[in-house]
Amino acid sequence: KKYMNYLSVFCLLIFLLVEEEVEAKNIHNRVGGLNLGLKYRGIVSSHDDGDDDGKQWYQQRVDHFDPLNSDRFPQLYYVNSTYWAGNGNPIFVLLGGEGPVAPDAVGSHFVVAEYGARFDAMVVAVEHRFYGQSFPAADLSTSSLRLLSSQQALADYAEFVQHIKQQYNATKSPVISFGGSYSGALSAWFRAKYPTLIQGSIATSAPVNAVVDFSQYFEVVQKSIGPTCAARVSHVTSLVSAMMNSSSGRSQAEQIFSACSPIETDLDVTTFMSSLTDGICEIVQYNMDNNDYTPFNITSMCQILEQGQTDEEAIQSYAKFNALFNSFSGSNCTDVSYQQMIQEMKDISTNSSVVAARSWTWQTCTEFGYYQTAESKTEQPFSELINLQYFLQQCNDIFGAELMPNTQAINTIYGGLDLETTNIILPNGSIDPWHALGILDPSCFLEYAKLMNGTAHCADLYPPSSSDVPDLTRIREIEVASISDWLTASC
């Protein structure tokens, strides 16, 4: 959930990560809205710490839209050619999103490898510029980040696909792109913008509609956890909010919720209230997604939250869950300090622990918005202090400029909810709050825009399980059948 928690998807998942690692405390919330889960899924740090086995590099253009700039930078990618039957057989490309690409992205972690075996396909994973180890500039300064945009990334992928086909003498091989969350949107847009390069696209949990104020996120969270659990969360939010009105109340809240630092300013109050939403939104977004990376699901979380009868017991139950989530996150306290967060996010080094967070925050501040606000008073259970101005101020404070996401331009360039391109599958999960920004209904162009009942963020990208709900099983069947049709049509 949290978007920058700070700019409150996201994965996000992120799509291309696999190896788990523990970050320093207070970093776990320094991620973008699609980045919820990055730390636990192994992509918050600036690069993959494994060995160099399997790493390949393409010398990518630094700026695709400046004809006077011929500079190049090394872009990381991995290839699994185990199943590939040679020229004429397909290439499946997993597009990097808001984090590092890891070796198992082309292995068994995702269902794409199973599809590769089925269709005699090469499986390739390519890293997004300004994430992982793929940097077009020496640092992440504001001036350097002007080279970070979705349009530059898509141009990267277009050039990269042509490179792969040349490298493997695969001039007759059709290419299908895959992605989830932000990279799911990229996958859809890749097919739309480069249809001569991409035969088809799987675009899972893709927030193709850019919005500045994403208040629907918390609204879906409320619906997903159910009325009883939502009422308890809302009640505790009111109780804790009242505690913020006095110094003694703040001190009490600091103790109950193991605050990392004193709650001193109004922005600290908002940051604290925002931090208390993290665990709940995280569990909802990835509820039973076949990845088995969280110790909770919605049911077990709400069992904890609903314990007790009195106001004091309700607060303690919330604090108990919050502590369990913090521990799972690699932290022993709850983030409070706005200024500390800003200072951490100002680190421009390409080796810092907040590379993915800073890069993604730039993209949300300039392109997508996705600010998960709580200003919908009756339809969500969190503090109204988490408002649009809170997030816009973070953009200004982190980058030293008055930034506003140009969502109108993004939706004009890519189509928003009016995307009209064939050969794209757009699955979304009904429990996942990000489905509110996706295309949910089929059209004459998009035959397989599908809202899967009872599923989570990017659930169909993981290998099948015996516990999969019917809609999840069905969408994988549709993906296999569609890929077969696309490949047949390309012959």
Side-chain angles (χ1 to χ4, degrees), residues 1 3 8-15 32-37 95 97-98 150 177-193 200-224 281 284-287 289 363-364 367-372 405 407 410-462 469 471-472 474-476 478-479 482:
K1 173 227 103 171
Y3 179 81
S8 252
V9 196
F10 301 116
C11 66
L12 48 229
L13 126 121
I14 242 183
F15 179 62
L34 290 178
N35 285 1
L36 207 105
L95 304 181
E98 68 277 34
S150 57
S177 64
F178 291 78
S181 199
Y182 167 51
S183 71
L186 288 174
S187 185
W189 298 334
F190 199 19
R191 165 64 182 167
K193 293 299 181 182
S201 162
I202 307 297
T204 295
S205 298
V208 294
N209 186 34
V211 296
V212 176
D213 189 341
F214 184 20
S215 60
Q216 300 98 320
Y217 188 99
F218 285 151
E219 295 171 10
V220 177
V221 169
Q222 175 163 292
K223 292 177 183 178
S224 294
C281 295
V284 170
Q285 183 165 314
Y286 296 108
N287 183 64
D289 67 354
Q363 291 194 259
T364 56
E367 295 187 274
F368 305 120
Y370 297 150
Y371 304 137
Q372 292 150 29
T407 55
I410 291 297
N411 291 330
T412 299
I413 292 167
Y414 299 126
L417 295 178
D418 296 319
L419 177 69
E420 294 185 350
T421 305
T422 60
N423 292 12
I424 301 177
I425 299 178
L426 291 149
N428 278 278
S430 64
I431 293 175
D432 174 24
W434 288 97
H435 83 251
L437 299 184
I439 297 173
L440 308 180
D441 298 316
S443 68
C444 57
F445 288 97
L446 300 172
E447 181 179 359
Y448 294 119
K450 172 70 174 176
L451 182 64
M452 301 177 290
N453 187 45
T455 62
H457 197 58
C458 299
D460 61 297
L461 289 180
Y462 297 107
V469 298
D471 275 1
L472 182 54
R474 176 59 182 151
I475 200 63
R476 291 201 188 94
I478 289 172
E479 288 172 358
S482 296

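The first residue of the sequence shown is numbered 1, and numbering continues consecutively from there.
The ring pair (Phe, Tyr, Trp, His ring centres under 6.0 Å) search around Phe214 returns Tyr217, Trp434, not counting sequence neighbours. Under the side chain to side chain donor-acceptor pair (under 3.5 Å) criterion, Gln222 pairs with no residue at all, not counting sequence neighbours. Checked against side chain to side chain donor-acceptor pair (under 3.5 Å), Thr204 has the following partners two or more places apart in sequence or in another chain: Asp460. For Ala456, the side-chain contact (heavy atoms from CB on, under 4.5 Å) partners are Asp289, not counting sequence neighbours. By the side-chain contact (heavy atoms from CB on, under 4.5 Å) test, Ser215 is found to be paired with Asp213, Glu219, Thr373, residues two or more places apart in sequence or in another chain being considered. Applying the side-chain contact (heavy atoms from CB on, under 4.5 Å) test to Thr412 and every residue at least two apart in sequence or in another chain returns Gln408.
Under a 3.5 Å cut-off, the side chain of His457 and the backbone N or O of Gln285 do not form any donor-acceptor pair. Side-chain atoms of Ser187 come within 3.5 Å of backbone N or O of Ile202 as a donor-acceptor pair. Formation of a donor-acceptor pair under 3.5 Å by the Ser482 side chain with backbone atoms of Glu479 is not found in this model. Between the side chain of Tyr370 and the backbone N or O of Pro207, at least one donor-acceptor pair lies under 3.5 Å.
You'll find the side chain of Asn411 reaches within 4.5 Å of the side chain of Asn209, heavy atoms only. Residues Phe368 and Pro405 form no side-chain contact, since every pair of their non-hydrogen atoms from C-beta on lies 4.5 Å or further apart. Side-chain contact between Leu426 and Lys450 is absent, with no heavy-atom pair separated by less than 4.5 Å. At a threshold of 4.5 Å between non-hydrogen side-chain atoms, the residues Val208 and Ile439 count as touching. The side-chain heavy atoms of Thr407 and Val211, taken from C-beta on, include no pair separated by under 4.5 Å. Side-chain contact check for His435 versus Leu451: some heavy-atom pair is nearer than 4.5 Å. Residues Pro427 and Arg476 form no side-chain contact, since every pair of their non-hydrogen atoms from C-beta on lies 4.5 Å or further apart. Inter-residue side-chain proximity for Arg191 and Asn423 is flagged as met; some heavy-atom pair is nearer than 4.5 Å.
Atom OH of Tyr448 sits about 9.0 Å away from atom CD1 of Ile475, to the nearest 0.5 Å. In this structure, CG in Leu461 is found 7.5 Å from OG in Ser183, a value given to the nearest 0.5 Å. Rounding to the nearest 0.5 Å gives a distance of 11.5 Å between CH2 of Trp189 and CG of Leu95. In this structure, OG on Ser205 lies 5.0 Å from CG on Asn428, to the nearest 0.5 angstrom. Summarising the geometry, atom OG belonging to Ser177 is positioned 9.5 Å from atom CG belonging to Leu186; distances are rounded to the nearest 0.5 Å. Atom-to-atom distance recorded for Ile425:CD1 and Phe178:CZ is 8.5 Å, nearest 0.5 angstrom.
Between Gly184 and Ala206 the shortest heavy-atom distance is C-CB, 3.5 Å. In plain terms, the two heavy atoms of Ser224 and Ser430 that are nearest each other are OG-O, 4.3 Å. The two residues Ile424 and Ala203 have their closest heavy-atom pair at CG2-CB, 4.2 Å. Counting all heavy atoms, side chain and backbone alike, Tyr182 lies closest to Gly97 at CD2-CA, 4.0 Å.
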Considering only distance and modelled atom types, tabulate donor-acceptor pairs under 3.5 Å from the side chains of residues 413-421, sequence neighbours left out.
residue, atom, partner, partner atom, Å
Tyr414, OH, Ser150, OG, 2.8
Tyr414, OH, Gln151, N, 3.4

